[in-house]
Protein chains: 2
Amino acid sequence: MAQYIFCKMNISPLTLYPAIAHDTRLRCLLLLLEHDELCVCELTYALGAAQPTISRHLALLREAELVSDRREGLWIHYRIHPELPAWATNVLHETAQGVSGMSPFAEDLAAMKNMPNRPGAPRCA
Amino acid sequence: MAQYIFCKMNISPLTLYPAIAHDTRLRCLLLLLEHDELCVCELTYALGAAQPTISRHLALLREAELVSDRREGLWIHYRIHPELPAWATNVLHETAQGVSGMSPFAEDLAAMKNMPNRPGAPRCA
DNA sequence: GCAGAATATATACTGAGCCATATATTACGT
DNA sequence: ACGTAATATATGGCTCAGTATATATTCTGC
């Protein structure tokens, strides 16, 4: 029979909210909302955190299925999980709007734009 | 001069999300979204938790300014804070929609409707 | 109208478990 | 070998539930 190709996953708020209750993880997700794909070193640069710290938090987000990853040579690119249900992505967009211009989220976006030697393709100039 | 009477407060996602990252607190808030005012004993009944537990979580929500309280005799009625910014209430509504019919949230709503001897006025029959 | 009981809610204290950070090390890909 | 990323380990801090207790308001009998 007909299948739902784009079947959404079923995520609980008690998966989503503990994940985005942490500074580092929320900042990563909000960056991923703007630049649809980012690698670990870009997130490390933008947030000014240690690489193992970012890596560990990304692992948590991956286990919660909030992000998906894709390896390309040395780099591992993360993105918001494409099958995240609508209510969850709406929550993220509401959040992005709620914090627009606020610290440290605005600075993160600026830092990402100003990053020298962005790896991979020049996705966003 | 003209004043903004309904000036919204300025809440950070790092206040909101840790607060709703806990089962008990999220369940309380989602109940408050449906019944705009509830007292401690009603929430205690609906969630089937111990009274000090509910009270302590409500205190956290109050300190985070996610709820406001109003005393009426013996009862203290809680409601979603009326000045919560739009993005935050939108997040709550998105969540309510995302979990509609799911456990334990659906059961909480049912339990509240079936509670015998609801205190205060018969607000919702 | 006051003393004491009853009810509704809040707080203090404890111990257990979980989570974050830092550091060091390992694995993977060129 | 070098750059990128993940994992291992140890330590410190935070959060939670449970218990006991405190406070506030109302009710009752006198």
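Every chain is numbered from 1, with letters handed out A, B, ... down the list of sequences.
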Review point. To the nearest 0.5 Å, how far apart are CG in Leu30(A) and CD in Gln97(A)?
Key: 12.5 Å
Review point. Side-chain N or O of Tyr78(B) less than 4.0 angstrom from OP1 or OP2 on dA8(C)?
Key: no
Revision key, fill the gap. From the candidates dA10(C), dC16(D), dG29(C), the one with an atom nearest any side-chain atom of Arg71(A) is dG29(C)
Practice item. Find which nucleotide of DNA chain C each of Pro18(A) and Val40(B) is nearest to by heavy atoms, and output the residue with the more 5' nucleotide. Key: Val40(B)
**Study point:** Short side-chain N/O contact from His77(B) to OP1 or OP2 of dT9(C), under 4.0 Å
**Key:** no
Review point. Which sits closer to the 5' end of DNA chain C, Gly73(A) or Arg25(A), going by the nucleotide each is nearest to?
Key: Arg25(A)
**Study point:** Minimum-distance nucleotide (side-chain atoms of Trp75(A) versus dA17(D), dG29(C), dA5(D))
**Key:** dA5(D)
Check your understanding: Counting side-chain heavy atoms from C-beta on, which of dT9(C), dA20(C), dA5(D) comes nearest to Ile76(B)?
Key -> dT9(C)
Check your understanding: Leu61(B) has an atom CG; how far is it from atom P of dC16(D), in whole Å?
Key -> 11 Å
Exercise for review: Report which part of the nucleic acid Leu74(A) touches: base, sugar-phosphate, or nothing (heavy-atom distance under 4.0 Å, all strands).
Suggested key: base
Study note, to complete from the structure: Rounded to whole Å, the CG-P distance (Leu60(B) to dA17(D)) equals 10 Å
Revision key, fill the gap. Shortest non-hydrogen pair, Leu84(A) vs Glu65(A), comes out as CD1-O, 4.0 Å
Check your understanding: Do Arg62(A) and Tyr78(A) have side-chain atoms, one donor and one acceptor, less than 3.5 Å apart?
Key -> yes
**Study point:** Side-chain donor or acceptor of Ser55(A) paired with backbone N/O of Gln51(A) under 3.5 Å
**Key:** no
Check your understanding: Rounded to whole angstrom units, what separation is found between the CD atom of Glu63(B) and the P atom of dA10(C)?
Key -> 11 Å
Review point. Using a cut-off of 4.0 Å on non-hydrogen atoms, how would the nucleic acid contact of Leu43(A) be classed: base, sugar-phosphate, or nothing?
Key: nothing
Review point. Taking C-beta and beyond as the side chain, do Tyr17(A) and Pro18(B) meet within less than 4.5 Å on heavy atoms?
Key: no
Point to revise | Option from Leu60(B), Leu61(B), Leu32(B) for which side-chain contact (heavy atoms from CB on, under 4.5 Å) with Leu66(B) holds | key: Leu61(B)
Check your understanding: For the residue pair Ala46(B) and Ala111(B), what are the closest heavy atoms and their distance?
Key -> O-CB, 3.9 Å
Point to revise | Separation of dA5(D) C1' from Glu72(A) CD (nearest whole Å) | key: 15 Å
Practice item. Identify, residue by residue, the members of residues 47-59 of chain B with a heavy atom below 4.0 Å from DNA chain C, and return them in order of residue number, or none. Key: Gln51(B), Pro52(B), Ser55(B)
Point to revise | His22(A) NE2 to dG13(D) C1', straight-line distance once rounded to whole Å | key: 12 Å
